[in-house]
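The block underneath contains the structure these notes are about, expressed in structure tokens.
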Amino acid sequence: MPEKFLKPYDPAGTETRIYEAWEKSGLFNPDECVRQGVTAPDAAAYSVVLPPPNVTGSLHVGHAYEDSLQDAIVRFERMRGKRVVWIPGTDSAAIATQARVEKNIQKEEGKSRHDMGREELVRRVMDFARASESTILNQIRRMGASLDWSRYAFTLDEARNAAVMEAFKRMYEAGLIYRGHRIVNWDPKGQTTISDDEIIYEEEKATFYYLKYGPFTIGTARPETKFGDKYVVMHPDDPRYADWKDGQTFEAEWINGPITGTVVKDSSIDMEFGTGVMTITPWHSSADFDIAERHDLDKEQIIDEYGKLLPIAGEYAGMKIAEARPKIVEKLREKALVVKEEPYTHNIATAERTGGIIEPQIKLQWFVDVDKPFVMQHSEIPGIESGSTATLKALMRAAVESGAVHMPQEGFKNAYFHWIDNLRDWCISRQIWFGHRIPVWYGGEQVHIGTEAPSDEGWTQDPDVLDTWFSSALWTFSTLGWPEETSDLATYHPTAFISPGYEILNLWVSRMILMSGFLLGQVPFKTVLIHGVVRDKQGRKFSKSLNNGVDPIDMAERYGADALRMGLLAGTAIGGDVSFDESKVKGYKHFANKLWNIARFILENTEKVRAGSERDSQFSARELEHLNTLEALTNDVTADIEAFRVYMAAEKLYHYAWHELADKILEESKPILAGADEDARRSRAALLLLLLRRTITLLHPFMPFITEEIWSSFAPLMRGASRSDYDNFLMVARWPLLR
RNA sequence: GGGCGAUUAGCUCAGUUGGUAGAGCAUCGCAUUUACACUGCGAGGGUCACAGGUUCGAGUCCUGUAUCGCCCACCA
């Protein structure tokens, strides 16, 4: 009996030691598994990529949950003899990371990015990213994640950059990437464009003004944008304005003097809202922009990139919006142009990363065209033939509709289709400095695509970088060596499943399907297993501002990573939100200790009694019953994990180990083991060794550390009871085959 | 405005195809010097949000209502 078994189980000390041993063995790497004869050379491949966490600090228990879930499935498949690779990585998260560092620098040194310059800022952001990366990787290791570190990738490393450049080039050459003037979400605070998905709407109480505009009364919440308004729009079917014809002009006294207005009839106008008439500001509103495009109207900029009014505002030029608005309203009142004012609550768009209030602007940006037809050279996606014409939207739809990408959760599937149906062109340029620089060079009127400038003089590179999701979208294959035709790519793509939170279904999952479909003609993964958000006991998200964060390392140190994993996984249906409950983790710490003592009891008693071998033991009827129960459990647990019901498998195992094996079988065994009947003693000892071995084998995907520790401590005894593979880690032992 | 999900024990949550309600923590009682007090045995506690319907039988399926949450769109 090893001496450590005489004391309670010590998770903190055990876990780090075991992880080091695993890592040193090289067995997280499937190539090494084959080389060491652990995995058959022709075993089926099973690959998973870790959703790369942002290098913006450290991980929280939400990541711990995601990692535990994937690790349980990955370990299960590895034990089933598959050639398993789980690829780790981190995401540069362009805007998020740069914003974080800029904020720190501003606070500590009082400098802006412009004081510092591009090169210096990028260096500082990269330093921060490297520090975060190191913290994060330690956290992931501490959770026991069996990732193949030899394949580690960072979205901004050399190989991934090569993949991004190649992807950009191929899409550009297919005509799917274009540069154009479009209305974009401009963040005056971050001085960059952001995508629709990076906007957060916040409720604002404002005033809604009814203004006299020539013969009409218009409604607006933003009088400060109205200087250039010379079009008045109404619904073509609105009887109140039936006398007015499209294109008809009229004179009106306006903020800074008389102007000529033009009537525009457009059916996008809501007759019920306000007076049913509005003026439009195409430069600063996407809805207005669309109307202007439809009727080929003039567009004029009113507000600059810093949120200040331009000379068109006359006496208000140079003022910030907030400052100008009351003054303008005052003037309108003086000119008796304000008909009515009423309180009004609406949502204003703010930038997720910087909190800046979005001011739509027309800008020259790069876009991915999601509706343009192109020829699919090669396609393995059902519903899209090789050589046929498709669009990116059609590709995204077909991948899921055909079931090639399986989304078992119907609700998320509907959300995905809904998103595709409403999708507009994807703006991929960002006016920041940290990230993949757009590989486009301008020489006068000429454009060159490539990472290097052409050899002759006079070329300048586009200053923008790509949306961070552009590089993340390549993740399932950029990590496998694409665009090189590596054996990894041939062996491991498409991957088996992806496990993201639902908040990035659109941002990430759909764009992976887009990129993989276009560039490889494949789906990126066969199953999407969407999980919920981990919340605190009050149901709140974990956030820095609430200061309710829980550090997974802290939990692991206090209760053990095994306990934390079980606390997060067991009894938590996948897809729903997870409420983090520390007392649950504590409960599973007790369970770990229980397992420890089950092992101790069995080993202690089988040391004294020479156990019969499994083969020649004459098990009693009662013992055969126990074996059957265990067999049924094995079937159940296997089926559960195969169907991704990880939470159920975990609960069943917990219940079996504690309330069946310990409470019933061990108690029942005590008199037998102390009895006079030697045959009975021997067969019982053999039974208990078998039950213990099977139980810790089944539990290994969930509680890898303690099961490995029991396994290795008692390898000689275990081996005495049965055949084969105790020389190696439990991690690579065989999952019991079904009968 | 559109969509999705939730509502089960004091708290946090499970309950796979419809077959007499479960776990962790908390509460109460009893037991216990050797596997384990990070214990054992046992108890209390739920008209499964509400109202209808289908069925021999509904926490589970259908319809409606209420409350909460999330996602999408965004109306000047």
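Residue numbering restarts at 1 for every chain, and letters A, B, ... go by the order of the sequence lines.
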Ranking B/rC74, B/rC25, B/rC36 by distance to the side chain of A/Arg424, first place goes to B/rC74

Regarding the side chain of A/Asn506, the nearest nucleotide among B/rU39, B/rC72, B/rU16 is B/rC72

Among the nucleotides B/rC38, B/rU12, B/rC75, whichever has the atom closest to the side chain of A/Asp581 is B/rU12

Side-chain atoms of A/Asp640 come closest, of B/rC75, B/rU16, B/rG24, to B/rU16

Which of B/rG24, B/rC25, B/rA35 is nearest the side chain of A/Phe601? It is B/rA35

The salt bridge (Lys or Arg N to Asp or Glu O under 4.0 Å) partners of A/Arg424 (sequence neighbours excluded) come to A/Asp196

Picking from B/rU39, B/rA76, B/rA35, the nucleotide nearest the side-chain atoms of A/Trp658 would be B/rU39

Of the listed B/rU16, B/rA76, B/rA35, the closest approach to the A/Lys226 side chain comes from B/rA76

RNA chain B in dot-bracket form (Watson-Crick or G-U pairs under 3.5 Å, [ ] crossing, | inter-strand) is (((((((..((((.....[..)))).(((((.......))))).....(((((..]....))))))))))))....

With sequence neighbours left out, the residues meeting side-chain hydrogen bond (donor to acceptor under 3.5 Å, both in side chains) with A/Asp290 are none

Considering only heavy side-chain atoms of A/Lys652, the closest of B/rU16, B/rA14, B/rA35 is B/rU16

Considering only heavy side-chain atoms of A/Pro8, the closest of B/rC38, B/rC75, B/rG15 is B/rC38

